[in-house]
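Note sheet for the following structure.
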Amino acid sequence: MPELPEVETVRRGLEPVLAGRTLVDVRISDSRLTRPHDPLAVAMRLCGNRIVAVDRRGKYLIVRFESGGALVIHLRMTGSLRSAPDGSLPDDTHRRAVVTLDNGSAVAYRDVRRFGTWDLFEPGAVEQYLDDRLGPEPLSGRFTTAVFARALARRRAPIKSVILDQKTVAGVGNIYADEALWRAKIHPLREAAALTDVEVATLRRTIRAALQRGVELQGSTLRDYALPDGEYGGMQNEFKAYGREGEPCARCRTPIEKIKVGGRGTWYCPRCQRSPREAV
DNA sequence: AGGTGGACCCGAACGC
DNA sequence: TGCGTTCGGGTCCACC
């Protein structure tokens with residue numbers, strides 16, 4: 001599941017491939033990808049644009065054009081991008097789009113579950129769109145303890161749900177939420193506003209540490225995620241909580257438990273991360 | 001307004 | 001073995 005580290009890894013792989021190149025051919029074979037817009041119309045508008053940069057904000061990829069416009073790609077759960085330096089791509093039933101560049105190379109978009117999106121923006125429009133949806137970048141200096149504390153204040157929802165809210169902090173998904181809470185020794189069901197100042201500071205630090213480690217290991221490959229060159233991430237080998245039901249906690253050997261929080265599978269250590277009642 | 005739960009997808013895993 | 005059912009995950013949206 002692409003979260004911040006996975007999307008950042010994709011960005012780093014794509015930037016050198018795309019920057020400075022012009023789109024000479026764009027084929028979109030899934031109408032869900034661009035809806036409510038006609039995929040043919042989007043493909044036509046993309047064609048001829050010269051790419052100047054590939055940026056990331058939260059889990060969004062931003063392909064910026066010389067024109068000032070931008071293509072915003074969200075991979076959701078199963079989207080992935082694959083670059084083909086010589087322009088040749090193996091058959092793939094889940095391929096949804098292919099762009100060809102002016103040097104003969106190609107980039108293919110694959111998405112098994114078809115939740116991903118490609119949205120085109122006019123010059124200047126993309127920042128507003130992203131700022132409407134996203135809080136601070138967790139690895140930037142803007143994500144301070146004071147900013148984080150303000151975002152948690154008066155929130156009565158479980159802390160896990162609040163850090164999954166992209167307005168609280170951009171880019172945390174189900175995996176890194178569980179990993180950050182495990183590192184901070186905070187139970188996922190704790191009421192967000194009830195965290196102590198020390199806990200807020202600790203959780204800010206562990207969110208950053210978990211995401212940073214994910215970036216270093218080029219993300220986590222579980223099923224569908226892969227780098228643009230086809231390689232795999234390594235973060236899955238360092239999971240302390242996510243998906244580890246019944247396995248011993250890396251700190252105290254207590255078996256990891258699985259619960260539901262806000263409808264999401266949630267793994268935590270029942271001993272290190274005390275329950276809401278015990279923790280008072 | 002903030003919180004909750006369903007919809008959207010579809011392959012994998014599971015249950016009988 | 002085979003078939004039906006359940007699960008999951010990011011975001012949006014309806015509802016309270």
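Just so it is clear: chains get the letters A, B, ... in the order the sequence lines come, proteins before strands, and each one is counted from 1. It should be emphasised that the depicted structure is a prediction, and the values quoted were computed from it without experimental measurement.
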query = Hey, does A:Tyr268 have a side-chain heavy atom less than 4.5 Å from the side chain of A:Asp178?
reply = no

ask   = If only side-chain N and O atoms of A:Lys260 are considered, is one of them under 4.0 Å from the OP1 or OP2 phosphate oxygen of C:dG8?
value = yes

message = Once you measure the plane-to-plane angle for A:His74 and A:Tyr60, does it fall in the parallel (<30°), tilted (30-60°) or perpendicular (>60°) bin?
response = perpendicular

For atom [atom1] of [X] and atom [atom2] of [N], their distance in whole Å:
X        : N      : atom1 : atom2 : value
A:Arg114 : B:dC8  : CZ    : C1'   : 10 Å
A:Asp165 : B:dG2  : CG    : P     : 10 Å
A:Glu245 : C:dC7  : CD    : C1'   : 13 Å
A:Asp30  : B:dC10 : CG    : C1'   : 12 Å

key: Over 12 foreign heavy atoms within 6.0 Å of CZ, A:Arg32   = yes

request  = Scan nucleotides 9-14 of chain C nucleotide by nucleotide, 5' to 3', and note B when protein non-hydrogen atoms come under 4.0 Å of the base, S if they reach only the sugar-phosphate, - if neither.
outcome  = BBBS--

key: Quiz item: cation-pi between A:Arg150 and A:Phe148, 6.0 Å / 45°   = no

Side chain to side chain donor-acceptor pair (under 3.5 Å) partner of A:Ser220, chosen from A:Glu6, A:Gln236, A:Glu238 = A:Glu6

key: A:Asp131/A:Arg57 under side-chain contact (heavy atoms from CB on, under 4.5 Å): CA gap, chis, key distance, verdict   = CA-CA 9 Å; A:Asp131 287 343; A:Arg57 178 85 167 83; 3.4 Å; yes

inquiry  = Of the options C:dG8, B:dC9, B:dG2, whose atoms approach the side-chain atoms of A:Lys258 most closely?
reply    = C:dG8

note = Per the under-4.0 Å heavy-atom filter, residues of residues 90-97 of chain A near DNA chain C come out as none

ask   = Is the A:Tyr109-A:Trp118 ring centre distance short of 6.0 angstrom?
value = yes

query = What is the minimum heavy-atom distance between A:Pro138 and A:Ala170, and which atoms define it?
reply = CD-O, 2.9 Å

